[in-house]
Protein chains: 2
Amino acid sequence: MATIKEVAKKANVSVSVVSKSFNNYKDVKEETRQRIFAVAKELDYSPNINAKNLSSKKRMTIGLISSGVLNDNVKDSNAFDIFKGVYRAVADSRFDLSINLIDSKRQTQQSYVQYCRERNIGGAILQGIRTDDQYYKELIDTSLPCVVLDIMNESDNGMIGSVSIDNAKAAREIAGYLLQRNHRDIVVIAGTPETYVNKERIKGVEEALQSCGLELEGLTVLEADFSEEQAYLLAKKYLQEQQPTAFLCFSDLMAIGVMKAVKEAGLKIPEDISVTGFDDLVFCSYTEPALTTIRQDFIEIGKNAAQLLQAIKENNAVKQHIWIEHQLMERDSVKTLAN
Amino acid sequence: MATIKEVAKKANVSVSVVSKSFNNYKDVKEETRQRIFAVAKELDYSPNINAKNLSSKKRMTIGLISSGVLNDNVKDSNAFDIFKGVYRAVADSRFDLSINLIDSKRQTQQSYVQYCRERNIGGAILQGIRTDDQYYKELIDTSLPCVVLDIMNESDNGMIGSVSIDNAKAAREIAGYLLQRNHRDIVVIAGTPETYVNKERIKGVEEALQSCGLELEGLTVLEADFSEEQAYLLAKKYLQEQQPTAFLCFSDLMAIGVMKAVKEAGLKIPEDISVTGFDDLVFCSYTEPALTTIRQDFIEIGKNAAQLLQAIKENNAVKQHIWIEHQLMERDSVKTLAN
DNA sequence: GCTTTTTCTGAAAGAGCTTCCAATCAGCAA
DNA sequence: TTGCTGATTGGAAGCTCTTTCAGAAAAAGC
């Protein structure tokens with residue numbers, strides 16, 4: 001691989017001119033720039049990223065820190081879609097991407113901050129992180145531009161952005177969908193209670209109930225920690241005593257668990273019991289019956305996160321939080337009840 | 001972030017000792033090394049990766065080049081699992097990982113070689129790449145250590161490894177599974193014919209047929225390009241004229257397409273027609289009926305690829321090709337026919 | 001006490017690029 | 001011709017680390 005020196009020599013200019021040409025400095029004559037590009041192409045040259053990062057104080061690489069994906073039991077591919085979205089947005093820019101997957105179990109010894117610093121990372125996107133993560137606060141405090149997903153950050157120093165769907169609204173919609181179809185005995189299979197998304201979704205369900213003039217006390221909420229297995233167990237146990245008209249699940253995975261329990265109880269979906277999910281993972285359209293759920297566009301979320309991060313870095317972020325549109329995917333797991 | 005100099009000063013040693021400590025040189029006393037580590041920890045120091053890559057001639061970062069994942073219609077998560085496997089193996093080593101996703105459509109202008117060189121990448125794992133890819137040969141020729149997935153490389157300069165399951169054997173097994181259950185009218189839904197895996201799988205099916213004393217002429221092979229939609233269309237058309245006892249599909253996605261066509265034709269699975277898949281994507285156990293298929297352990301594949309690559313780099317690769325075990329997942333989509 | 005061996009030092013030479021500052025060279029007004 | 005200005009270009013320091021090397025210091029062996 002040719003170096004900048006060789007290009008400079010062959011083009012009869014100094015190294016600095018070549019560097020400037022490649023970095024869009026205005027003070028190099030267009031003609032010269034073109035000549036340099038021609039030579040560069042001929043020599044198959046392109047700037048070495050390590051050297052570039054090392055010498056420039058500007059941070060050109062952004063990090064994607066993603067927690068939980070490495071766990072063995074992870075079946076959903078949200079993280080991957082987010083990853084794709086981020087990747088695309090970053091690929092279209094002049095930034096480079098560095099990915100850091102962490103396992104909730106064997107936490108890396110390294111803090112995120114350290115990770116970022118040693119790689120010269122100028123901004124990070126955090127996925128699957130929880131606010132009680134030991135390193136989270138450390139990173140937020142560091143004034144490194146960050147975008148967090150599915151978390152709403154309050155300590156605002158202008159360097160933290162976030163993106164997510166409007167979880168409360170989505171929950172309101174799907175609860176409303178059920179209520180409209182005359183379901184009154186709904187049990188909510190919720191996720192981890194401390195979680196931002198969970199709180200929002202609960203809020204949404206309650207709002208939907210209230211706007212129908214229903215009281216909240218009647219609402220049964222089972223906390224299944226976003227786990228298929230947990231949801232299965234909880235639903236199974238619940239069904240031994242009672243039979244609601246619908247299960248409203250805060251994730252597709254939990255919905256799958258619930259469906260299994262329902263079927264095992266000898267009940268039919270949606271004839272006997274309706275079930276709804278949340279997320280719209282790929283397999284939702286392949287279940288029997290196909291699952292009615294809320295679609296989150298994870299690719300879009302990733303893309304927006306990357307763009308927001310860049311905006312923050314360049315100090316022209318208009319808003320600190322971006323809401324991504326969700327969509328209710330109406331399929332076959334909900335029955336309209338007689339009034 | 002502290003630099004190596006500050007650590008050296010605070011630990012009362014010279015810079016070179018610190019460097020050596022971090023790079024496992026033997027000529028530094030264990031006691032000193034520990035002292036240095038302590039100081040490093042105290043100062044929150046860890047070597048700057050860019051500087052390290054720049055200065056050392058050793059290439060410490062390996063690249064994962066993955067084609068096709070960015071396409072919009074991609075539903076499978078094989079790539080992600082492979083990615084996870086690679087990531088884990090790399091994280092356990094002292095290497096760093098750089099990921100390069102490419103879209104089959106808008107091919108990056110950059111060749112893989114260029115990508116690798118400008119990032120100082122010392123070895124690459126190629127996933128989803130086809131041998132007729134314009135940049136593939138270029139990379140192979142470059143004597144950069146490479147591990148390719150689902151491709152068998154012939155031009156062996158000792159720098160190319162590969163890992164995959166034994167596709168022929170797997171196909172033999174699943175075909176045998178069908179034959180044992182007295183299926184004689186089997187139509188194969190194959191993938192892209194030029195593809196290595198496809199050829200192997202065809203071979204496997206043929207072998208199974210032969211070992212049952214059956215002739216190959218009777219075998220119908222429909223080429224669906226590994227696409228769910230194509231498979232659906234082809235199966236639908238085929239069913240208008242004939243009704244085989246089983247569809248043997250070379251991917252789960254195609255199996256899904258076929259199942260849809262079968263159901264639409266008013267036929268039941270497995271009572272009227274049996275269907276088998278290949279890969280064992282997550283949703284295979286959620287379909288109705290659950291799909292009998294061949295499980296590929298993509299995480300394991302990724303892990304082995306990374307390990308093989310490191311072995312090749314260090315010149316102690318025992319074998320150039322690693323076979324990963326597959327597994328026949330017996331579920332509910334195949335019926336045993338009366339003899 | 002003397003020779004080996006082990007450990008450490010300091011300096012220097014990069015690795016390939018960015019960027020500040022100085023130098024050059026037009027063209028043009030004085 | 002001289003002086004000045006703005007557009008270009010060149011030089012050199014600096015980013016942080018690795019590696020090598022000659023030799024010094026300390027520890028170990030006999």
Side-chain angles (χ1 to χ4, degrees), chain A residues 1-37 39-40 43-61 94-96 114-122, chain B residues 1-37 39-40 43-61 94-96 114-122:
Chain A
M1 186 79 146
T3 70
I4 199 173
K5 264 192 201 162
E6 307 176 48
V7 176
K9 182 187 273 184
K10 183 142 188 177
N12 278 316
V13 290
S14 75
V15 169
S16 50
V17 181
V18 178
S19 174
K20 285 173 184 170
S21 299
F22 273 89
N23 291 289
N24 296 311
Y25 275 61
K26 51 285 148 198
D27 64 347
V28 33
K29 209 201 290 179
E30 189 51 31
E31 186 192 316
T32 320
R33 184 196 307 276
Q34 290 310 328
R35 183 159 44 91
I36 288 174
F37 284 168
V39 172
L43 294 185
D44 194 26
Y45 165 82
S46 54
N48 177 304
I49 292 213
N50 290 121
K52 193 164 179 157
N53 281 334
L54 181 57
S55 72
S56 74
K57 298 273 26 83
K58 291 232 195 82
R59 305 287 161 98
M60 296 308 258
T61 118
R94 61 200 189 296
F95 290 87
D96 218 29
Q114 198 166 122
Y115 176 85
C116 289
R117 279 198 294 212
E118 74 185 40
R119 270 148 242 263
N120 211 272
I121 283 175
Chain B
M1 186 79 145
T3 71
I4 197 172
K5 263 192 202 162
E6 309 176 47
V7 176
K9 182 186 273 182
K10 183 142 190 178
N12 278 317
V13 291
S14 73
V15 169
S16 49
V17 183
V18 179
S19 175
K20 284 175 183 170
S21 298
F22 274 91
N23 292 287
N24 296 312
Y25 275 60
K26 52 284 146 204
D27 64 347
V28 32
K29 208 202 290 176
E30 188 52 30
E31 186 193 316
T32 320
R33 186 195 305 277
Q34 291 310 328
R35 182 159 43 91
I36 289 174
F37 284 168
V39 172
L43 294 185
D44 195 26
Y45 163 84
S46 51
N48 177 304
I49 292 218
N50 290 122
K52 189 163 180 161
N53 281 332
L54 181 58
S55 75
S56 74
K57 297 275 22 83
K58 291 231 193 83
R59 307 285 159 97
M60 297 308 257
T61 119
R94 60 200 191 296
F95 289 87
D96 217 31
Q114 198 166 122
Y115 176 85
C116 290
R117 281 198 293 210
E118 71 185 41
R119 271 148 240 264
N120 211 274
I121 283 174

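Chain letters run A, B, ... following the sequence lines, proteins first and then strands; every chain starts at 1. Quick note: numbers below take in every heavy atom, side chains included, and nothing from hydrogens, waters or symmetry partners.
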Novice: Less than 4.5 Å apart, any side-chain heavy atom of B:R35 and any of B:E31?
Specialist: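 No; the side chains remain at least 4.5 Å from each other.
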Novice: Could you tell me if the side chain of B:D96 sits less than 4.5 Å from the side chain of B:R119, heavy atoms only?
Specialist: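 B:R119 vs B:D96: side chains apart.
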Novice: How long is the straight-line distance from CD of A:Q34 back to NZ of A:K29, given to the nearest 0.5 Å?
Specialist: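 Here the interatomic distance stands at 13.0 Å.
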Novice: Using the C1' atoms of the five pairs at each end, what is the angle between the end axes of the helix from C:dG1-D:dC30 to C:dA30-D:dT1, to 10°?
Specialist: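 The end axes of the helix from C:dG1-D:dC30 to C:dA30-D:dT1 are about 40° apart, to the nearest 10°.
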Novice: If you measure from OG on B:S56 to CG on B:N23, what distance do you get to the nearest 0.5 Å?
Specialist: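 Answer for the OG-CG pair, B:S56 versus B:N23, is 8.0 Å.
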Novice: Using a 4.0 Å cut-off on heavy atoms, which residues in residues 9-18 of chain A reach DNA chain D? List them by number, or say none.
Specialist: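 Nucleic-acid contacts, sorted: A:N12, A:V13, A:S14, A:S16, A:V17.
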Novice: Donor-acceptor pairs are to be reported for all side-chain atoms of residues 1-17 of chain A against protein atoms at under 3.5 Å, with residues two or more places apart or in another chain.
Specialist:
from  : atom 1 : to    : atom 2 : distance (Å)
A:T3  : OG1    : A:K5  : N      : 3.3
A:E6  : OE2    : A:T3  : N      : 3.2
A:K10 : NZ     : A:E42 : OE2    : 3.2
A:S14 : OG     : A:S16 : OG     : 3.0

Novice: Please list, by residue number, the residues of residues 45-56 of chain B whose heavy atoms come closer than 4.0 Å to an atom of DNA chain C; answer none if no residue qualifies.
Specialist: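 B:L54, B:S55 - these, ordered by number, are the residues of the stretch whose heavy atoms sit under 4.0 Å from the strand.
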Novice: How many angstroms lie between atom CZ of B:F22 and atom OG of B:S46, to the nearest 0.5 angstrom?
Specialist: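 Taking CZ in B:F22 and OG in B:S46, the distance rounds to 7.5 Å.
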Novice: For B:N48 and B:N50, indicate whether the former's side chain and the latter's backbone hold a donor-acceptor pair under 3.5 Å.
Specialist: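 A pair under 3.5 Å: yes.
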Novice: Provide the start and end nucleotides, 5' to 3', of the part of DNA chain D that has atoms under 4.0 Å from heavy atoms of chain A.
Specialist: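 Answer, 5' to 3': D:dT8 to D:dT16.
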Novice: C:dT9 C1' sits how many Å from B:I4 CD1, rounded?
Specialist: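 Spelled out: CD1 on B:I4 to C1' on C:dT9 is 14 Å.
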Novice: Within this structure, what is the NZ-NZ distance for the pair B:K20 and B:K26, rounded to the nearest 0.5 Å?
Specialist: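 It comes to 8.0 Å.
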Novice: Output the distance between atom OH (A:Y115) and atom CD1 (B:I49), rounded to the nearest 0.5 Å.
Specialist: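 CD1 of B:I49 is found 7.5 Å from OH of A:Y115.
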Novice: Walk me through it: do B:K52 and B:N120 pass the test side chain to side chain contact (heavy atoms under 4.5 Å, CB included)?
Specialist: CA-CA 11 Å; B:K52 189 163 180 161; B:N120 211 274; over 6 Å; no
Novice: Using a strict heavy-atom distance below 4.0 Å, which residues from residues 22-33 of chain B are in contact with DNA chain D?
Specialist: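 Residues of residues 22-33 of chain B under 4.0 Å from DNA chain D: B:N23, B:Y25.
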Novice: Nearest 0.5 Å, please: how far is CZ in B:R117 from OH in A:Y45?
Specialist: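 If we round to the nearest 0.5 Å, A:Y45:OH and B:R117:CZ are 13.0 Å apart.
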